[in-house]
Amino acid sequence: MPDVYTPRRLHAGEFLSLRGLRHHLLRWGQPLPGRPPLVMVHGWMDVGASFQFVVDALPDDREIVALDWRGFGLSATTGADCYWFPDYLGDLDALLDAISPGAPVDLLGHSMGGNVAMSYAGVRPQRVRRLINLEGFGMPDVAPAAAPERLAKWLDELKDPPTLRPYATRAEVAERLMKNNPRLPADKAAWLAGHWARETPAGFVLNADPAHKLANPMLYRKAEVLACWQRIAAPTLWVEGSDDQLTRFWGSRYPREDFEARLALVPDLRRAVLQDAGHMLHHDQPEALAAQISAFLAE
């Protein structure tokens, strides 16, 4: 096992009931007068601890809170057989009511979390002071005619639900993380593995409900998403890595010009591209990302 990354800033973990479900939070720092908390929400098949490296590169000038979404990390699973995107907005709304009931927050989301944050900021514009989206591209628009096939696929998967294979050792989990992202250093992968997976009698199992891997029975409706994006009042920072992840993920199904047209609808937008970074840019270039975040939040 390689050396394990040593965080500069230690977090405090706690559990909070949001909408009747036990959620896990990480907190760095203390609330400071006149400084809104920076709330971070992670992507699909990730955990709140994933932000540790960029938190370590940020100044100690505000409280930072990272949430494990329902069914991820140490947050509870729903007990249902699938997950619904609006529930993430509901959980985020409940979180902000709990930690900052009287004032807006600065909100940062990565990937799926970026998409949640963008929609939320349009639905509740008064709750967000500054908004940061890390590689939350959204998804291709889907024609209504695709609904029967999508629903049939979902029904079939409910009869044979997905599973997550165990890993024999924590080192194997770290190796998987580095395979997913070759830029991830071994010491950081070793640290993340302890948060990404837990030891069970069957081996090390990912801290994620396998139900997240089911086909989504609801089609992605671009028009509805953009109706939210157009209502965002907060200054917004879009950050992506220099690797073209949009083409890698979607190819011709979601051309770059479609995304650029969507992003152009955000009322008050800044943009940044981090060099030598891919989708997990908060792992690839945490110092460069922290510099962008700090400068934006100080405006």
Contact between [X] and [Y] at the side-chain level, heavy atoms closer than 4.5 Å - yes or no?
{"X": "R124", "Y": "L89", "result": "no"}
{"X": "W154", "Y": "C82", "result": "yes"}
{"X": "M40", "Y": "L26", "result": "no"}
{"X": "V4", "Y": "K188", "result": "no"}
{"X": "D106", "Y": "I293", "result": "no"}
{"X": "L158", "Y": "L214", "result": "yes"}
{"X": "P59", "Y": "S294", "result": "yes"}
{"X": "V105", "Y": "P37", "result": "yes"}

- Query: Looking at W196, Y88, F72, which one forms a ring pair (Phe, Tyr, Trp, His ring centres under 6.0 Å) with H42?
  - Reply: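 In the set W196, Y88, F72, the residue that makes a ring pair (Phe, Tyr, Trp, His ring centres under 6.0 Å) with H42 is F72.
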Would a line drawn from the ring center of [X] to the ring center of [Y] be shorter than 6.0 Å?
{"X": "F249", "Y": "H279", "result": "yes"}
{"X": "F259", "Y": "W238", "result": "yes"}
{"X": "H23", "Y": "F15", "result": "no"}
{"X": "F51", "Y": "H282", "result": "yes"}

Main-chain N/O of [Y] paired with [X] side-chain donor or acceptor, under 3.5 Å:
{"X": "D284", "Y": "L184", "value": "no"}
{"X": "T77", "Y": "G71", "value": "no"}
{"X": "D68", "Y": "V47", "value": "no"}
{"X": "T200", "Y": "A202", "value": "yes"}
{"X": "R221", "Y": "A143", "value": "no"}
{"X": "R129", "Y": "L297", "value": "yes"}
{"X": "E172", "Y": "A168", "value": "yes"}
{"X": "D3", "Y": "D187", "value": "no"}

Quick check for you: to the nearest 0.5 Å, what is the distance between [X] atom [atom1] and [Y] atom [atom2]?
{"X": "L289", "Y": "L134", "atom1": "CG", "atom2": "CG", "answer": "5.5 Å"}
{"X": "M112", "Y": "E135", "atom1": "CE", "atom2": "CD", "answer": "15.0 Å"}
{"X": "L281", "Y": "Q245", "atom1": "CG", "atom2": "CD", "answer": "9.5 Å"}
{"X": "I64", "Y": "R9", "atom1": "CD1", "atom2": "CZ", "answer": "4.5 Å"}
{"X": "F85", "Y": "N216", "atom1": "CZ", "atom2": "CG", "answer": "9.5 Å"}
{"X": "L58", "Y": "R8", "atom1": "CG", "atom2": "CZ", "answer": "8.5 Å"}

- Message: Quick check on Q30: does its CD atom have over 12 non-hydrogen neighbours (other residues, nucleotides or ligands) under 6.0 Å away?
- Response: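 12 or below, so no.
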- Task: Please report the shortest heavy-atom distance between L21 and A76, naming the atom on each side.
- Result: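 Distance-wise, the nearest heavy atoms are CD2-O, 3.8 Å.
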- Task: Could you tell me which non-hydrogen atom of L177 sits nearest to which non-hydrogen atom of A193, and how far apart they are?
- Result: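 That closest heavy-atom pairing would be CD1-N, 3.8 Å.
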Going only through I, L, V, M, F, W and Y residues with side-chain contacts under 4.5 Å, is there a path from [X] to [Y]?
{"X": "M218", "Y": "V142", "value": "no"}
{"X": "W191", "Y": "M280", "value": "no"}
{"X": "M139", "Y": "V116", "value": "yes"}
{"X": "V239", "Y": "V266", "value": "no"}

- State plainly whether the residues D141 and R253 are in salt-bridge range, i.e. N to O under 4.0 Å.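 Here D141 does not pair with R253 in a salt bridge, since their nearest N and O are not under 4.0 Å apart.
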- Task: May I ask you to say whether R19 pairs ionically with D93, meaning some side-chain N is under 4.0 Å from a carboxylate O?
- Result: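 Not counted as a salt bridge, because no side-chain N and carboxylate O are separated by less than 4.0 Å.
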- Task: Evaluate the criterion side chain to side chain contact (heavy atoms under 4.5 Å, CB included) for residue pair R127 and Y120; output intermediate values, then yes/no.
- Result: CA-CA 9 Å; R127 300 296 284 120; Y120 181 81; 3.6 Å; yes
- Task: Verify salt bridge (charged side-chain N to carboxylate O under 4.0 Å, His left out) between D91 and R70, making sure each step is shown before the conclusion.
- Result: CA-CA 8 Å; D91 293 345; R70 56 175 55 206; 2.6 Å; yes
- Quick one: is the NZ or CZ of R170 closer than 6.0 Å to the six-membered ring centre of F204, and within 45° of its axis?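 The answer is no, since R170 fails at least one limit relative to F204.
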- Could you please spell out the steps behind the side chain to side chain contact (heavy atoms under 4.5 Å, CB included) verdict for L164 and K213? CA-CA 9 Å; L164 297 173; K213 298 179 76 72; 3.5 Å; yes
- Query: So R35 and E63, salt bridge (charged side-chain N to carboxylate O under 4.0 Å, His left out) or not? Walk me through it.
  - Reply: CA-CA 8 Å; R35 291 279 188 173; E63 180 185 33; over 6 Å; no
- Do the ring planes of Y254 and W250 sit parallel (below 30°), tilted (30 to 60°) or perpendicular (above 60°)?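 Ring orientation of Y254 relative to W250: tilted.
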- Query: Parallel, tilted or perpendicular for Y83 and H212, by the 30°/60° rule?
  - Reply: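 Y83 vs H212 ring planes: parallel.
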- side-chain contact (heavy atoms from CB on, under 4.5 Å) partner of L107, the single match among L96, L38, N133, L131: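 Only match with L107 under side-chain contact (heavy atoms from CB on, under 4.5 Å): L131.
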- Task: Could you check S17 against R22 for side chain to side chain contact (heavy atoms under 4.5 Å, CB included), going step by step and ending with a plain yes or no?
- Result: CA-CA 5 Å; S17 179; R22 191 170 184 251; 6.0 Å; no
- Stepwise salt bridge (charged side-chain N to carboxylate O under 4.0 Å, His left out) test for R270 and D268: CA-CA 7 Å; R270 287 84 158 155; D268 186 357; 2.4 Å; yes
- Task: Kindly determine whether R256 and E260 satisfy salt bridge (charged side-chain N to carboxylate O under 4.0 Å, His left out), including the steps that lead there.
- Result: CA-CA 6 Å; R256 183 79 194 199; E260 293 293 340; 3.0 Å; yes
- Assess whether side chain to side chain contact (heavy atoms under 4.5 Å, CB included) is satisfied between R262 and F137, documenting all intermediate values. CA-CA 9 Å; R262 299 183 194 190; F137 289 97; over 6 Å; no
